[in-house]
Amino acid sequence: MAILSLDHVQLAMPAGREDDARVFYSGLLGLEEQPKPANLAKRGGCWFGRGALKVHVGVEDDFRPARKAHPAFMVDDLAELRKTLETAGCLVVEDEPLEGYDRFYVHDPFGNRIELMQPLQP
């Protein structure tokens, strides 16, 4: 028995905020919204992805944002994404350097922490 890969990341959001999720995950981060199966769509929330990356944002009744736990997304142009996020009014948060990467944190519209990173060129 072996774990082979990560299928998706699940993040939580409050009810009725799907449009905010779409603006952030699709509009700003560039992930495509994926259709949810009909039996799961009735729960609310949204699914997003690009290639093998899948992010499920689901409704949680007693919602509290993930302020420490977070996904880290690898990007191909961190500087451009930073400009996009800051222009949209998102607060970019620097952290300790991580050898081999440029990176920063941002919070989604619900307060969930998201790390965005790009490998440094040799």
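Excluded from the calculations below are hydrogen atoms, water molecules and symmetry mates; all remaining heavy atoms, backbone and side chain alike, are included.
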Trainee: Would you name the heavy atoms of V57 and Q10 that are closest together and state the gap between them?
Mentor: C-NE2, 4.0 Å
Trainee: Given the rule that I, L, V, M, F, W and Y join up when any side-chain heavy atoms are under 4.5 Å apart, are V92 and L29 in one cluster?
Mentor: yes
Trainee: Checking E60 side chain against M13 main chain: does a donor-acceptor pair fall under 3.5 Å?
Mentor: no
Trainee: Please list all pairs meeting salt bridge (charged side-chain N to carboxylate O under 4.0 Å, His left out) that have one or both residues in residues 32-46, counting only residues at least two apart or in different chains.
Mentor: R22-E33
Trainee: Assigning hydrophobic clusters by single linkage (Ile, Leu, Val, Met, Phe, Trp, Tyr; side-chain heavy-atom cutoff under 4.5 Å), is L98 placed with M74?
Mentor: yes
Trainee: Atom CG of L85 and atom CG of L78: how far apart are they, to the nearest 0.5 Å?
Mentor: 9.0 Å
Trainee: List the residues meeting side chain to side chain donor-acceptor pair (under 3.5 Å) with D7, not counting sequence neighbours, and say none if there are none.
Mentor: K54
Trainee: Using side chain to side chain contact (heavy atoms under 4.5 Å, CB included) as the criterion, list what pairs up with E80, not counting sequence neighbours.
Mentor: D77, K83, T84
Trainee: State which residues pass salt bridge (Lys or Arg N to Asp or Glu O under 4.0 Å) with R64; sequence neighbours excluded, sorted by chain then number.
Mentor: D62
Trainee: What are the two closest non-hydrogen atoms of R67 and G111, and how far apart are they?
Mentor: NH1-O, 4.0 Å
Trainee: Side chain to side chain contact (heavy atoms under 4.5 Å, CB included) for V106 and L91? Distances and angles first, verdict last.
Mentor: CA-CA 6 Å; V106 67; L91 176 65; over 6 Å; no
Trainee: Does the side chain of V55 come within less than 4.5 Å of P71's, by heavy atoms?
Mentor: no
Trainee: With sequence neighbours left out, what residues match A72 under side chain to side chain contact (heavy atoms under 4.5 Å, CB included)?
Mentor: E115, M117
Trainee: According to salt bridge (Lys or Arg N to Asp or Glu O under 4.0 Å), who are the partners of E86, at least two apart in sequence or on a separate chain?
Mentor: R82
Trainee: Could you give all pairs that pass the ring-ring contact (aromatic ring centres under 6.0 Å, His included) test and reach residues 19-51, with sequence neighbours left out?
Mentor: Y25-F48, W47-H56
Trainee: Among residues at least two apart in sequence or on other chains, which ones pass side chain to side chain donor-acceptor pair (under 3.5 Å) with R17?
Mentor: D20
Trainee: ring-ring contact (aromatic ring centres under 6.0 Å, His included): which pairs involve residues 96-122, sequence neighbours left out?
Mentor: H70-Y105
Trainee: Drop me the distance from C46's SG to D19's CG, to the nearest 0.5 angstrom.
Mentor: 8.0 Å
Trainee: Drop me the distance from L116's CG to D102's CG, to the nearest 0.5 angstrom.
Mentor: 12.0 Å
Trainee: Under 6.0 Å from the CG atom of N39, do we count more than 12 heavy atoms belonging to anything else shown?
Mentor: yes
Trainee: Side-chain contact test, heavy atoms from C-beta onward, threshold under 4.5 Å: evaluate it for V23 versus P109 and give yes or no.
Mentor: no
Trainee: Using a cut-off of 6.0 Å, state whether more than 12 heavy atoms not belonging to D95 lie near its atom CG.
Mentor: yes
Trainee: Would the distance check show the side chain of N112 and the main-chain N or O of A66 forming a donor-acceptor pair, the cut-off being under 3.5 Å?
Mentor: yes
Trainee: Tell me whether L6 is reachable from L53 by hopping between hydrophobic residues (I, L, V, M, F, W, Y) whose side-chain heavy atoms are closer than 4.5 Å.
Mentor: yes
Trainee: Restricting to non-hydrogen atoms, name the atom on V59 and the atom on G44 that form the minimum distance, rounded to 0.1 Å.
Mentor: CG2-C, 3.9 Å
Trainee: Using a 3.5 Å distance criterion without hydrogens, assess whether the side chain of R103 forms a donor-acceptor pair with backbone atoms of E96.
Mentor: yes
